[in-house]
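Shown next, in structure tokens, is the structure this report addresses.
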Amino acid sequence: MGVFTMWRFESTHQQKETEYLDHAITRIESDERLRSHAQAIIDGVAAQEPLVSESLRAPQDVRFHAEGPCVRDHLSLMLMVLKAIADERLHLIDLEELRRLKGYEGEIQELEDTFKEQFAFFVVFTLMHDVAKWVAVSFTSAKEGRTFHATQNTHERFQARQAYLERYRAFALSHAELSARETQAQFYLAHRIDVHYPNHARLIHARVYEDLLDRLCQAHGLTQRERDMMDDLVSHHMEFWTDFDRIAPKKIDRYVHLATKRGYDADDFVDLLQCCLFLDGVCGSKRLAPHGAWHDPSALIQCLKSEREYAPWRSAQKTREREEAERRARNRLLKEVGLDGVALMDVLQMEPGRAFGLSLRRIHAGILGRSEMPKFGPRIDEEIEKRIAQFYQKSFKQGA
């Protein structure tokens with residue numbers, strides 16, 4: 001992962017007033033640029049891949065996916081959130097529910113960095129994780145006292161799917177005044193048809209989906225290692241939510257064991273798991289409740305706490321590693337723009353010693369915003385400010 005984790009958090013993004021997750025998602029959904037970007041990705045892949053195209057039509061259960069009546073709505077929202085993070089229109093530390101996690105700032109920033117650094121990875125995850133819902137879908141209706149079909153018979157599944165889609169289409173036509181989301185909710189209230197996708201996540205191992213995963217990973221420039229991790233993350237993604245419906249350190253051990261068995265870096269794998277959980281289960285899934293649709297961040301929060309309890313020393317170690325990587329990266333840039341000790345001795349025309357050491361510390365503290373920048377006279381101040389501007393420009397580019 002990147003070396004600018006904590007530094008980028010401190011230097012290029014100043015914490016601002018928080019917003020609740022539901023408000024942030026509403027803001028993202030209203031951004032037409034984000035929506036157009038998401039639709040372009042979906043349409044581009046769907047035009048090339050029939051398996052993706054048909055999966056977009058899979059109906060959704062409004063109780064768990066009130067973002068829209070079909071899987072396309074789910075994928076679109078995930079891609080919009082992903083793009084908002086990449087473009088810094090959403091900072092995870094500014095979400096009220098995550099800001100409350102005092103002492104977890106490093107882990108939260110690491111999640112955001114992972115999204116930015118692995119953007120293509122999460123685009124492929126979004127497109128792949130529910131691709132088998134179309135063939136796995138089944139329906140039950142408590143109101144009608146029957147099962148549309150939970151059978152494995154392909155023909156009967158096809159008939160059940162067509163029956164549901166025709167009924168939904170007729171309902172939508174007769175309620176043309178409603179929005180797509182309102183139609184989805186009213187249809188459920190009228191018919192009480194529950195939608196299920198038994199074992200759809202594990203269907204990633206079917207040959208047709210393995211081949212699809214190969215093609216998408218190749219098209220997006222992912223490595224074989226990333227492709228293999230994607231395979232495991234997709235096949236287990238439905239378990240992330242239930243595994244962390246409470247604080248469960250033993251569940252972290254399960255995924256560490258899986259990563260170790262596969263030869264992955266366990267820390268990287270858990271980071272990717274948490275990102276998938278946030279993108280899919282938290283942001284991409286609106287829950288229907290009496291007070292309206294909402295997004296539930298509890299599984300991610302409990303996963304972060306589970307990781308901390310599973311290996312408290314690991315959190316401290318990762319913090320030390322991030323801080324050391326930050327220090328090394330900062331020192332490289334200071335030297336590159338002429339703000340290291342050797343260069344500044346020449347600018348200040350000072351010899352090594354206590355006085356120069358104090359001046360150096362004061363300049364570096366001023367650069368990092370920890371104190372006021374010292375003054376040395378117009379000519380020297382102008383030269384130092386010029387170098388500081390270069391430092392900020394280069395650090396922003398490397399931290400963006």
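As the structure is a prediction and not an experimental result, all values here were calculated from the model. Worth knowing before you read on, the calculation uses all heavy atoms, side chains too, and leaves out hydrogens, waters and symmetry mates.
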- Glu88/Lys116 ion pair, N-O < 4.0 Å: yes
- Message: Tell me whether Arg161 is salt-bridged to Glu166, with the criterion being a basic N under 4.0 Å from an acidic carboxylate O.
- Response: no
- Query: With a cut-off of 6.0 Å (strictly less than), are more than 12 heavy atoms of other residues, nucleotides or ligands near CD of Gln162?
  - Reply: yes
- Rounded to the nearest 0.5 Å, the CG atom of Leu92 sits from the CD1 atom of Ile85 at a distance of 5.0 Å
- Got a salt bridge between Arg362 and Glu372, using NZ or NE/NH1/NH2 to carboxylate O under 4.0 Å? no
- Message: For Tyr255 and Phe269, take the angle between the two ring planes, folded into 0 to 90°, and tell me which bin it lands in: parallel under 30, tilted 30 to 60, perpendicular over 60.
- Response: tilted
- Message: Has Ser53 got a side-chain atom pairing as donor or acceptor with Glu49's backbone, closer than 3.5 angstrom?
- Response: no
- Message: Once rounded to the nearest 0.5 Å, what's the spacing between atom CG of Asp245 and atom SG of Cys303?
- Response: 11.5 Å
- Phe115 and Phe121: CA distance, side-chain angles, deciding distance, ring-ring contact (aromatic ring centres under 6.0 Å, His included) verdict: CA-CA 9 Å; Phe115 277 124; Phe121 184 95; over 10 Å; no
- Kindly work out whether a path of hydrophobic side-chain contacts (I/L/V/M/F/W/Y, heavy atoms less than 4.5 Å apart) joins Ile42 to Met230. yes
- Under-4.0 Å salt bridge between Asp130 and Lys133: yes
- Message: Using the rule given for salt bridge (charged side-chain N to carboxylate O under 4.0 Å, His left out), can you reason through Arg262 versus Asp228, listing the C-alpha separation, both sets of side-chain angles and the distance that settles it, and then say yes or no?
- Response: CA-CA 9 Å; Arg262 297 281 202 267; Asp228 292 342; over 6 Å; no
- Just wondering, more than 12 heavy atoms not from Glu385 lying within 6.0 Å of its CD? yes
- Note: Arg207-Asp211 ion pair, threshold 4.0 Å (strictly below): yes
- Task: Check the surroundings of atom CZ in Arg246: do more than 12 heavy atoms from other residues, nucleotides or ligands lie under 6.0 Å from it?
- Result: no
- Atom CZ of Phe158 with >12 non-hydrogen neighbours under 6.0 angstrom: no
- Item | Atom pair CD1 (Ile41) and OG1 (Thr126), whose distance is rounded to the nearest 0.5 Å | 8.5 Å
- Message: In the structure I gave you, are the side-chain heavy atoms of Glu226 and Gln118 within less than 4.5 Å of one another anywhere?
- Response: yes
- Check: Met78 and Cys283 side chains under 4.5 Å, non-hydrogen atoms: no
- Check: Phe240 ring centre within less than 6.0 Å of His236 ring centre: no
- Task: Return yes when atom CD of Glu177 has more than 12 non-hydrogen atoms of other residues, nucleotides or ligands closer than 6.0 Å, and no otherwise.
- Result: yes
- Message: Does either side chain, that of Glu336 or that of Gln390, offer a donor lying less than 3.5 Å from an acceptor on the other one?
- Response: no
- Can you spot which of His74, His237, His200 makes a side chain to side chain donor-acceptor pair (under 3.5 Å) with His129? His74
- Message: A side-chain contact here means heavy atoms from C-beta on lying under 4.5 Å apart; do Met229 and Leu272 qualify?
- Response: yes
- When rounded to the nearest 0.5 angstrom, what is the spacing between CG in Leu300 and CG in Asp280? 12.0 Å
- Side chains of His191 and Ser141, donor plus acceptor under 3.5 Å: no
- Message: Within this structure, what is the CG-CD distance for the pair Leu34 and Gln39, rounded to the nearest 0.5 Å?
- Response: 11.5 Å
- Salt bridge between Lys305 and Glu309, side-chain N to carboxylate O under 4.0 Å? no
- Would you please say whether a donor-acceptor pair under 3.5 Å links the side chains of Tyr188 and Asp61? no
- Quick one: do Leu90 and Trp294 end up in the same hydrophobic cluster if we chain Ile, Leu, Val, Met, Phe, Trp and Tyr together by side-chain heavy atoms under 4.5 Å apart? no
- Task: Check whether any side-chain N or O of Arg57 sits under 3.5 Å from a backbone N or O of Cys70 as a donor-acceptor pair, and report yes or no.
- Result: no
- May I ask you to establish whether Arg287 and Phe64 are in a cation-pi arrangement, using a distance under 6.0 Å from NZ or CZ to the six-membered ring centre and at most 45° from the ring axis? no
- Task: Could you tell me whether the side chain of Ser76 and the main chain of Asp73 form a donor-acceptor pair under 3.5 Å?
- Result: no
- For the side chain of Asp43 and the backbone of Ala40, is there at least one donor-acceptor N/O pair under 3.5 Å apart? no
- Task: Decide yes or no on side chain to side chain contact (heavy atoms under 4.5 Å, CB included) for Asp253 and Tyr310, but give the supporting numbers first.
- Result: CA-CA 7 Å; Asp253 183 60; Tyr310 167 71; 3.1 Å; yes
- Query: Do Asp243 and Lys251 meet the salt-bridge criterion of a basic N to acidic O distance under 4.0 Å?
  - Reply: yes
- Message: Has Arg27 got a side-chain atom pairing as donor or acceptor with Arg89's backbone, closer than 3.5 angstrom?
- Response: yes
- Message: For Met350, is the CE atom crowded, meaning more than 12 foreign heavy atoms sit under 6.0 Å from it?
- Response: yes
- Message: I'd like to know whether Glu96 forms a salt bridge (charged side-chain N to carboxylate O under 4.0 Å, His left out) with Arg99, so could you lay out the CA-CA distance, the side-chain angles of the two residues, the decisive distance to 0.1 Å, and finally the verdict.
- Response: CA-CA 5 Å; Glu96 173 64 26; Arg99 183 79 67 83; over 6 Å; no
- Task: Would you indicate whether the side-chain heavy atoms of Leu233 and Leu273 approach each other to under 4.5 Å?
- Result: yes
- Taking Gln60 for its side chain and Gly68 for its backbone only, find out whether a donor-acceptor pair lies under 3.5 Å. yes
- State the CG-CZ distance between Leu339 and Arg330, to the nearest 0.5 angstrom. 12.5 Å
- Hey, any chance Tyr168 and Leu288 share a hydrophobic cluster, counting ILVMFWY side chains that come within less than 4.5 Å of each other, even indirectly? no
- Message: Membership question, hydrophobic clusters at under 4.5 Å side-chain separation (ILVMFWY): are Phe376 and Leu358 in the same one?
- Response: no
- Query: Are Arg227 and Asp231 ion-paired here, with the side-chain N under 4.0 Å from a carboxylate O?
  - Reply: yes
- No-hydrogen, no-angle side-chain donor-acceptor test under 3.5 Å, His65 and Lys286: no
- Message: Using the rule that Ile, Leu, Val, Met, Phe, Trp and Tyr join whenever any side-chain heavy atoms are under 4.5 Å apart, tell me whether Val270 and Ile247 fall into a single cluster.
- Response: no
- With side chain to side chain contact (heavy atoms under 4.5 Å, CB included) as the test, would you mind laying out the steps for Lys386 and Val337 before giving the verdict? CA-CA 9 Å; Lys386 182 175 69 174; Val337 300; over 6 Å; no
- Task: Apply salt bridge (charged side-chain N to carboxylate O under 4.0 Å, His left out) to Arg387 and Glu383, showing your working.
- Result: CA-CA 6 Å; Arg387 299 184 186 194; Glu383 178 60 26; 2.7 Å; yes
- Message: Do Gln109 and Asp113 pair up side chain to side chain, a donor and an acceptor below 3.5 Å, judged on atom types alone?
- Response: yes
- Answer yes when Glu67 and Arg181 have at least one side-chain N-carboxylate O distance shorter than 4.0 Å, and no when they do not. no
- Indicate yes or no for a side-chain donor-acceptor contact from Ser285 to the backbone of Val282 under 3.5 Å, with no hydrogens or angles considered. no
- Side chain of His175, backbone of Thr183: donor and acceptor closer than 3.5 Å? no
- Task: For the pair Thr26 (side chain) and Asp22 (backbone), establish whether a donor and an acceptor sit closer than 3.5 Å, ignoring hydrogens and angles.
- Result: yes
- Item | Neighbour count above 12 (heavy atom, 6.0 Å) for His257 NE2 | no
- Message: Just checking Arg33: does its CZ atom have more than 12 heavy atoms from other residues, nucleotides or ligands closer to it than 6.0 angstrom?
- Response: no
- Query: Got a donor-acceptor contact below 3.5 angstrom from the Glu54 side chain to the Trp134 backbone?
  - Reply: no
